[in-house]
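Report on one structure; see the data block that follows.
Fair warning: this is a prediction, and the values are worked out from it, not measured in the lab. Atoms within each ligand, like the ligands themselves, are counted from 1 in listed order.
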Amino acid sequence: MQAERVWGRRWSENTLVMARKYMEVACRKQTLVCLAADRNTMAGLFELIEKVGSSIAALKTHVDLVDDWTAESWDRFCKAAQDADLLIFEDRKFADIGGISRKQMAGVYNIRAWSDLVTAHLISGPDIVDGLQAGWSDVGRNGGVLLLAQMSSRGNLLKPEYTSQVVAKGKAHEGVFGFIGNGSRPEELALLREAVGDGKLIWTPGVNLAVGDGEMGQRYGDPREAVLAGSDCIIVGSGIHKAENPAQQAQAYAEASWNALIERNK
Ligand code: S5P
C-alpha cells in the first residue's frame with residue numbers, strides 16, 4: 001500500500017484513525033499542504049476550496065473570524081471540503097479545563113459536528129484532551145487533537161521546558177493526533193521531532209516560499225526544510241490565499257512538500 005511505503009514508521013507506529021486518514025489523503029493527492037483558510041467571508045472561503053482544493057490535504061479554519069457566518073452556509077462549506085477530499089481542521093486553540101472544553105465543542109458553532117481536528121494548548125493539563133474527545137463522542141464522531149508544542153510567532157512563551165512537558169504528556173495520550181511545531185526554525189523542529197519520535201505527527205505553520213518576517217511578529221521558514229526537519233504537514237495561509245494566483249501557488253507548495261517527503265525517505 002502506497003501510504004505505508006511513503007510514510008514508513010510514521011505509518012506503522014501511528015494507529016490513530018484520523019492520523020492514518022491524513023496520511024492516506026496526502027498520498028492520494030501528493031501534497032502535505034494544509035491551507036490556513038483565513039478569509040473572513042463565506043464567498044472567499046468557497047472560492048479557496050474551488051481554486052486550491054485539489055492541491056491541499058487539509059483545510060484549517062478559524063470559524064469565529066467569518067463576518068457573514070451562518071450555520072447553513074457553513075454546512076455547505078464543510079460538504080464542499082469533504083467532496084474535495086479534505087480534512088477539516090478548526091484551529092480553535094482550546095485552553096480551558098476539560099469539562100468546559102467539551103461544552104465549547106458544542107455551542108453556536110458546534111465544532112464537534114464538522115471538525116476532524118482541533119488545536120489545544122496543554123496549559124490547563126491533559127484533561128483538556130479527554131474533554132475534546134468527549135465532545136466528538138457526544139455526537140458519535142472521531143477526531144484528533146493537535147497540541148501546541150511550539151509556536152511560530154516572535155516572543156512566544158512556549159519555552160523548551162514547556163515543550164518537552166507537552167510532548168511527554170501528549171505522546172502518552174491516544175486522543176492526541178500530533179503536535180504543532182514551529183516551521184520557521186528547522187533546528188528547533190528537528191529537536192521536537194527527536195523528542196516526539198515516530199508515533200505522532202508534527203504539523204507546522206510559519207512556512208512560506210518567501211522566508212523571513214511576516215505581519216505582526218509572524219516568522220517564515222522554507223517548506224522543504226521544514227519537512228526535512230521532521231514536519232508531516234506544512235500549514236500555509238497568506239502564501240496561498242493572498243497570492244495573485246492561489247491555484248498556482250498551492251501547487252508549488254504541494255510539490256515542494258511532497259518532493260521533500262520523498263527525499264526524507266531516501
Ligand atoms: O504558532 C502558530 C500556530 C498556528 S496554528 N503560528 C501560526 O501562524 N498558526 C496559524 O497558522 C495561524 O493561526 C494562521 O492561521 C496560520 C498561519 O498563516 P500565515 O498566513 O502566516 O501562513
### Task
Among residues two or more places apart or on two chains, list those pairs meeting salt bridge (charged side-chain N to carboxylate O under 4.0 Å, His left out) that have a residue in residues 111-134.
Asp116-Arg141

Please list, in number order, the atoms of ligand 1 under 4.0 Å from a heavy atom of [X].
{"X": "Ala36", "value": "15 (O), 16 (C)"}
{"X": "Asp91", "value": "5 (S), 10 (C), 13 (O)"}
{"X": "Tyr220", "value": "19 (P), 20 (O), 21 (O), 22 (O)"}
{"X": "Asp38", "value": "14 (C), 15 (O)"}
{"X": "His62", "value": "13 (O), 15 (O)"}

Can you pull out the closest protein heavy atom to [atom]? Residue, atom name and distance to 0.1 Å, please.
{"atom": "atom 3 (C) of ligand 1", "value": "Pro205 CG, 3.4 Å"}
{"atom": "atom 6 (N) of ligand 1", "value": "Ser152 OG, 2.7 Å"}
{"atom": "atom 22 (O) of ligand 1", "value": "Gly237 N, 2.9 Å"}
{"atom": "atom 17 (C) of ligand 1", "value": "Gln218 NE2, 3.7 Å"}

### Query
Among Ser238, Gly239, Gly183, which residue places a heavy atom closest to atom 20 (O) of ligand 1?
Ser238

### Summary
Of Met151, Lys60, Glu215, the one whose closest heavy atom lies nearest atom 10 (C) of ligand 1 is Lys60

Charged N to carboxylate O below 4.0 Å: is that the case for [X] and [Y]?
{"X": "Arg9", "Y": "Glu4", "answer": "no"}
{"X": "Asp91", "Y": "Lys60", "answer": "yes"}
{"X": "Lys79", "Y": "Asp83", "answer": "no"}
{"X": "Asp96", "Y": "Arg102", "answer": "no"}
{"X": "Glu13", "Y": "Lys200", "answer": "no"}

## Note on the structure
Using a 4.5 Å side-chain heavy-atom cut-off and chaining through intermediate ILVMFWY residues, the residues clustered with Ile100 come out as Ile97

### Message
Please check: side-chain N/O of Trp7 versus main-chain N/O of Met23, any donor-acceptor pairing under 3.5 Å?
### Response
yes

